[in-house]
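Below is one structure; the comments refer to it alone.
One is the number of the first residue; the rest follow in order along the sequence. Whatever order the structure lists them in is the order used to number ligands and atoms, beginning at 1.
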Amino acid sequence: MSKESKNALKYDLVIIGAGPAGLAAGIYAARGGLKTVIFERGLVGGQIVTTADVDNYPGFEETINGFDLVEKMKKQAERFKAEFRNEEVTAISLEGICKIVETDTATYRTKAIIFATGANPRKLAVPGEERLTGRGVSYCATCDGAFYREKVVAVVGGGDSAVEEAIFLTNFAKKVYIIHRRDQLRAVHAVQQRAFKNPKIEVIWDTVVHSIEGDEQLEKLVLFNRVKDKISMLPVDGVFIYVGTIPNNQLVESRIELDSSGFVITGGDMQTNIPGVYAAGDLVHKVLRQVVTAVSDGATAAFSAEKWIQQNMEYFNEENELVLK
Ligand code: NAP
């Protein structure tokens with residue numbers, strides 16, 4: 001910690017990340033009386049901001065736009081006096097009872113921390129992918145699917161996301177290829193059956209994308225069939241990549257216990273292996289990454305942080321420093 005200062009700003013709870021998990025944590029913590037600050041380096045809302053329609057978040061009979069949903073959450077958190085700061089957290093000290101958080105502009109002392117930094121789509125890391133992103137290469141069918149009416153698109157991946165989004169894309173595209181590296185999909189059986197029954201969907205098995213080609217706009221995929229050891233070309237107007245998610249764990253790796261994929265391991269109370277340090281949302285090891293599970297994590301983490309602070313209050317002085325007994 002380079003510039004820990006006596007002038008550090010003091011909070012009961014620091015929340016890092018203002019997606020649905022961080023926002024729900026902010027609502028619960030601030031409403032519970034904790035002096036709470038939420039840091040976000042980008043847009044408030046996280047990944048859900050780029051989702052056109054959220055259909056499965058309870059409480060909305062009609063579908064709700066992802067941006068509108070998080071705006072409501074943010075206003076609700078502000079109503080309870082949670083503070084928002086558009087600052088990037090650059091360093092953290094979790095040693096000792098008081099945690100120190102440095103951002104690009106200030107230093108903060110806090111009793112507890114909730115990490116809600118989310119996750120991002122995994123890239124294929126093949127030639128052409130980065131250059132043609134936004135020009136035919138997409139990671140969000142709900143955002144970009146409508147651009148491909150009566151066009152030919154491909155989805156890469158064989159998990160629930162890939163297969164569900166392929167089915168969704170048949171609302172627009174005239175043909176949807178699913179390109180999967182094995183001879184069996186990973187998606188749950190019911191979703192697979194829906195895809196197999198859809199006449200617009202064709203699965204290309206045992207195949208990986210070798211490169212993505214086009215001048216200004218995506219024109220074709222160069223594919224490699226791993227069983228036949230054969231290269232082929234697939235002309236497409238769009239490709240949607242759904243090969244999993246990567247946790248944004250840069251701030252916590254090497255300090256907090258992670259699973260083999262880099263997601264944070266928590267207990268049912270969302271506490272990590274460090275007392276007073278919690279994680280919530282897509283960053284966490286779990287089976288379902290949805291808004292509804294993110295807000296559940298956030299609420300639980302805030303509730304647990306509040307209880308932990310209460311139980312340890314005697315160890316903090318007014319500077320949020322450890323009081324030795
Ligand atoms: P996932 O289950 O990890 O699937 C990723 C897919 O991408 C796998 O089929 C994998 O192939 C493939 N893949 C990975 N790296 C690749 C590469 N470099 N090249 C080609 N293919 C690659 O990820 P997900 O589909 O995003 O789902 C994540 C979690 O969210 C899962 O637990 C899922 O059940 C859940 N989810 C739930 C819902 C729902 O409940 N409605 C919807 C979406 C997702 P292999 O199969 O060969 O490993």
Practice item. Could you establish whether His180 and ligand 1 come within less than 4.0 Å of each other, counting only heavy atoms on the residue side? Key: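 A heavy atom of His180 does come that close to ligand 1.
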Point to revise | Asp206/Arg226 salt bridge by N-O under 4.0 Å criterion | key: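 Judged by the 4.0 Å cut-off on N to carboxylate O distance, Arg226 and Asp206 do not form a salt bridge.
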**Study point:** Electrostatic pair Glu83:Arg85 at N-O distance under 4.0 angstrom
**Key:**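 Result for this pair is yes, salt bridge flagged.
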Point to revise | Heavy atom of protein closer than 4.0 angstrom to atom 44 (C) of ligand 1 | key: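 For atom 44 (C) of ligand 1 the answer is yes, since some protein heavy atom falls inside 4.0 Å.
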Using heavy atoms and a threshold below 4.0 Å, how should the contact between [X] and ligand 1 be classified: side chain, backbone, both, or neither?
X: Val208; answer: neither
X: Val188; answer: neither
X: Glu164; answer: side chain

Study note, to complete from the structure: Counting from 1 in the order shown, the ligand 1 atoms closer than 4.0 Å to a non-hydrogen atom of Arg182 are 45 (P), 46 (O), 47 (O)
Point to revise | For Leu124, the ligand 1 atoms whose distance to one of its heavy atoms is below 4.0 Å | key: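 Contacts of ligand 1 toward Leu124, numbered from 1: 19 (N).
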Exercise for review: Indicate whether any N or O donor in one side chain lies under 3.5 Å from an N or O acceptor in the other, for Thr293 and Lys286.
Suggested key: yes
Please say whether [X] places an N or O atom under 3.5 Å from an N or O atom belonging to ligand 1.
X: Gly159; value: yes
X: Leu288; value: no
X: Arg181; value: yes

Point to revise | Exceeds 12 heavy-atom contacts within 6.0 angstrom, atom CD of Gln184 | key: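 No - once you tally the heavy atoms of other residues, nucleotides and ligands closer than 6.0 Å, there are 12 at most.
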Check your understanding: Any idea which heavy atoms bring Val277 and Leu94 closest together, and the distance?
Key -> CG2-CD2, 4.0 Å
Review point. Looking only at non-hydrogen atoms, which of Thr207, Val243, Val209 approaches atom 13 (N) of ligand 1 most closely?
Key: Val243
